[in-house]
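For reference, the structure is listed below as structure tokens.
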2 protein chains.
Amino acid sequence: MGERSDWGALRERRMAEPGAAEAYAATRLAYELGRTVRALREERGWSQTRLAEAAEMTQSAVARFEAGGTVPTLPVLERLANALGAELVVQLRAPAA
Amino acid sequence: MGERSDWGALRERRMAEPGAAEAYAATRLAYELGRTVRALREERGWSQTRLAEAAEMTQSAVARFEAGGTVPTLPVLERLANALGAELVVQLRAPAA
DNA sequence: CCGCTTTATAGCATCGATGCTATGAGCTGG
DNA sequence: CCAGCTCATAGCATCGATGCTATAAAGCGG
């Protein structure tokens, strides 16, 4: 718990920096998308190699994506979504008036 | 109408090519996102210069984005969404069982 | 007509994702 | 024990988005 609050304090300091909040959000998004793709893949009982074939990329690219270490591009997300029979939703949602 | 069906036929042929469907979808998404950002900006009575300031980019980058000629990256979308007080939603939606 | 604002476009350097190949670790079944 | 599979990581070249500056066209108010 001590580490947790230390990290929280550090993160808040970093977030106060210009652009940090967006950078963090993009990294978190990458991580979540990676997890979602892995979950959908495993639901189908597919290996990374199998998904790579369907999405026209290599197994190592799938592994890298699922690890969430990089922020993916939209075309790659489209290919993965199509391969998994899912739909990629990207939208700017204005706040309710 | 004649041109329309010609274009439709050509598009279907192009779509049959591997990767074309995804590339088209990403390009269409870029175009729609550009339009959405312009609409949100104009709702606020903002100029491109004003939005650029809020999103920490230059006016020409905003113009280029709104034109939809390039597929934007997620960090840029995050910055624009935050600047406009909107929320960026990105998700892989699995088909209903 | 002029100054200002707004928008669009061009050109160029940079950077990070992507594509690829290779490789290693771990696990499993034979 | 070994082959095969799966997954993760590394390294490198390529490519396209991004950042930036500059510039031009259009419109508007004075």
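Just so we're on the same page: letters track the sequence lines, and every chain starts at 1. Note: hydrogens, waters and symmetry copies are ignored here, and every other heavy atom, side chains too, is used. Keep in mind it's a predicted model, so treat the numbers as computed, not measured.
Salt bridge status for Arg35(B) with Glu66(B): absent, with no side-chain N to carboxylate O gap under 4.0 Å.
Regarding contacts with the backbone of dT18(D), a side-chain N or O of Thr73(B) is found under 4.0 angstrom from either OP1 or OP2. Residue Arg79(B) has no polar side-chain atom (N or O) positioned under 4.0 Å from OP1 or OP2 of dA17(D). Dashed line: the shortest gap from a side-chain N or O of Arg38(B) to OP1 or OP2 of dA8(C) is under 4.0 Å.
Nearest heavy atoms, Val71(A) versus Ala30(A): CA-CB, 3.9 Å.
One cannot find a donor-acceptor pair under 3.5 Å joining the base of dT7(C) and the side-chain atoms of Ser60(B).
Distance from the side chain of Ala61(A) is smallest to dG19(C) among dA8(D), dG19(C), dA8(C). The side chain of Arg64(B) has dT18(D) as its nearest neighbour among dA17(C), dT18(C), dT18(D). Comparing atom distances between the Ser47(A) side chain and each of dT18(D), dT6(D), dG19(C) picks out dT6(D) as nearest. Across dG11(C), dA17(D), dA8(D), the shortest atom-to-atom separation from the side chain of Thr70(B) is found for dA17(D). Nearest to the side-chain atoms of Gln59(A) among the listed nucleotides dC20(D), dC7(D), dT21(C) stands dC7(D).
Rounded to whole angstrom, the span from the CG atom of Leu74(B) across to the C1' atom of dG16(C) amounts to 13 Å.
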